[in-house]
Amino acid sequence: MKRLQAKPRFVPAGRVLDPLVIGGRPMARPVTGAVPDAIGKRPDSELDGADLPELSVRAASVRGEANRRDGAPRRDAMGLWQIDGSRLLACAAGGLADAELSHVGAAEACASARRNLLGLLRHAEDGAPVEDFFAAVTRDLAERAERTGVPAAALRTTLLAAIIDTAEHRVHVARIGDGTASLLREGHWSPVLPAGDGARTPDALPGDGPSGTAMADLLRDDMLLLCTGGLARPMGEEEVSEQVSAWWSQPSVPSLPEFFWQLSFRDESHEDDRTAVCAWRR
């Protein structure tokens with residue numbers, strides 16, 4: 001007797017919600033223009049994360065609405081690496097709008113931070129000058145520009161790099177530019193690195209602009225935020241800050257898709273790329 005197989009059950013696709021609108025409502029729904037045709041172009045967005053014994057990490061880099069409309073590449077970049085059993089390296093970089101290949105520079109800066117990790121570790125562990133680390137990244141950017149056949153200034157980008165130590169429950173942060181680091185503790189934000197000064201053109205690599213460094217202890221249930229200026233600027237608005245705080249102070253850590261949706265919120269005054277790495281101590 002022929003055995004009948006049960007028909008598969010198909011679940012209809014649920015409707016994915018549009019990004020949340022915060023503040024004044026944008027005039028139209030999000031529009032994605034032409035696919036960028038640019039050297040070193042990367043995907044519209046990136047998403048990464050991990051759930052470790054005492055730390056959950058979510059990371060995303062989202063192309064801004066302005067770049068989507070214009071068919072321009074995402075200038076932000078990010079990187080997340082497990083160094084060893086207890087330490088992570090996290091990076092966020094924001095290419096400058098007036099630099100032709102800054103999207104290449106941002107991605108190269110994150111990759112260079114990983115290649116030059118020893119310099120950052122020496123700073124965190126032994127107090128070596130962090131300028132040595134950034135000088136190595138500058139050399140890598142200059143070499144990439146030479147290989148690409150463009151001036152080094154065409155790759156100008158900010159860079160925020162952090163070593164998160166889950167054994168010591170501590171983070172060491174270094175930056176050039178307008179990237180910021182903050183702690184969300186019991187629903188309130190406190191700066192690890194202060195927000196930028198709002199300069200239209202922030203300090204950037206390659207170059208020898210002033211660097212900023214900081215160290216912070218991570219208490220249980222703290223959330224560490226590392227982000228580019230594309231998120232730091234709207235976070236200066238009370239309504240945005242409160243909404244993000246409400247999302248990221250929940251008892252449960254957002255899933256990867258949920259985190260991407262949260263970072264994609266809309267604000268008509270802020271349409272730049274956004275990159276954030278969030279780490280929750282558990």
Side-chain angles (χ1 to χ4, degrees), residues 48-50 52-59 61 77-94 106-141 157-185 189-196 202-229 232 275-282:
D48 204 351
L52 307 175
E54 293 191 54
L55 194 77
S56 291
V57 184
R58 302 290 182 262
S61 184
M78 70 177 196
L80 185 64
W81 296 271
Q82 182 98 31
I83 301 171
D84 53 30
S86 63
R87 293 179 297 182
L88 297 171
L89 170 65
C91 298
E108 180 66 26
C110 290
S112 176
R114 178 62 184 90
R115 290 194 298 270
N116 294 288
L117 172 64
L118 186 58
L120 192 58
L121 287 173
R122 285 173 176 161
H123 165 71
E125 297 173 353
D126 304 324
V130 75
E131 288 78 11
D132 295 347
F133 165 73
F134 285 119
V137 176
T138 287
R139 288 193 295 271
D140 284 351
L141 287 168
T157 180
T158 66
L159 177 62
L160 174 68
I163 294 173
I164 306 171
D165 191 325
T166 61
E168 298 292 332
H169 308 303
R170 185 168 294 166
V171 59
H172 294 268
V173 188
R175 76 165 176 200
I176 283 185
D178 59 358
T180 61
S182 302
L183 279 178
L184 181 59
R185 179 174 291 166
W189 294 101
S190 60
V192 176
L193 281 172
D203 295 312
L205 297 168
D208 55 0
S211 59
T213 63
M215 182 274 292
D217 293 320
L218 301 177
L219 305 182
R220 193 169 301 280
D221 295 327
D222 278 357
M223 194 280 288
L224 170 71
L225 168 64
L226 310 169
C227 67
T228 57
T275 298
V277 180
C278 294
W280 287 261
R281 185 189 162 189
R282 296 307 184 196

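For clarity, every value in this text was computed on a predicted model and none was experimentally measured.
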- Message: side chain to side chain contact (heavy atoms under 4.5 Å, CB included) for Leu88 and Leu55? Distances and angles first, verdict last.
- Response: CA-CA 10 Å; Leu88 297 171; Leu55 194 77; 3.7 Å; yes
Spacing of [X] atom [atom1] and [Y] atom [atom2] [to the nearest 0.5 Å]:
{"X": "Leu118", "Y": "Phe133", "atom1": "CG", "atom2": "CZ", "result": "11.0 Å"}
{"X": "Leu117", "Y": "Arg122", "atom1": "CG", "atom2": "CZ", "result": "10.5 Å"}
{"X": "Asp132", "Y": "Asn116", "atom1": "CG", "atom2": "CG", "result": "10.5 Å"}
{"X": "Thr228", "Y": "Met78", "atom1": "OG1", "atom2": "CE", "result": "11.0 Å"}
{"X": "Leu52", "Y": "Ile164", "atom1": "CG", "atom2": "CD1", "result": "9.5 Å"}
{"X": "Cys227", "Y": "Leu160", "atom1": "SG", "atom2": "CG", "result": "8.0 Å"}

For the side chain of [X] and the backbone of [Y], is there at least one donor-acceptor N/O pair under 3.5 Å apart?
{"X": "His123", "Y": "Pro129", "value": "no"}
{"X": "Asp165", "Y": "Glu168", "value": "yes"}
{"X": "Thr166", "Y": "Ser86", "value": "yes"}

Taking all non-hydrogen atoms of both residues into account, name the closest pair between [X] and [Y] and its distance.
{"X": "Ala113", "Y": "Cys91", "value": "CB-SG, 3.6 Å"}
{"X": "Pro202", "Y": "Asp178", "value": "CG-OD2, 3.9 Å"}
{"X": "Leu183", "Y": "Ala216", "value": "CD1-CB, 4.2 Å"}
{"X": "Ala93", "Y": "Leu159", "value": "CB-CD1, 4.2 Å"}
{"X": "Ala161", "Y": "Leu120", "value": "CB-CD2, 3.9 Å"}
{"X": "Ala77", "Y": "Thr275", "value": "O-CG2, 3.8 Å"}

Answer yes or no: is there a side-chain heavy-atom contact under 4.5 Å between [X] and [Y]?
{"X": "Asp217", "Y": "Met215", "answer": "yes"}
{"X": "Glu54", "Y": "Arg220", "answer": "yes"}
{"X": "His172", "Y": "Glu125", "answer": "no"}
{"X": "Asp203", "Y": "Pro210", "answer": "yes"}

- List the steps, then state whether side chain to side chain contact (heavy atoms under 4.5 Å, CB included) holds for Met223 with Trp189. CA-CA 9 Å; Met223 194 280 288; Trp189 294 101; 3.7 Å; yes
- Partner of Glu108 by salt bridge (charged side-chain N to carboxylate O under 4.0 Å, His left out), out of Arg114, Arg115, Arg139: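 That would be Arg115.
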- Out of Arg281, Arg185, Arg282, which one pairs with Asp222 under the salt bridge (charged side-chain N to carboxylate O under 4.0 Å, His left out) rule?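 Looking at Arg281, Arg185, Arg282, the match for Asp222 under the salt bridge (charged side-chain N to carboxylate O under 4.0 Å, His left out) is Arg185.
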- Could you walk me through whether Leu225 and Leu184 pass the side chain to side chain contact (heavy atoms under 4.5 Å, CB included) test, one step at a time? CA-CA 8 Å; Leu225 168 64; Leu184 181 59; over 6 Å; no
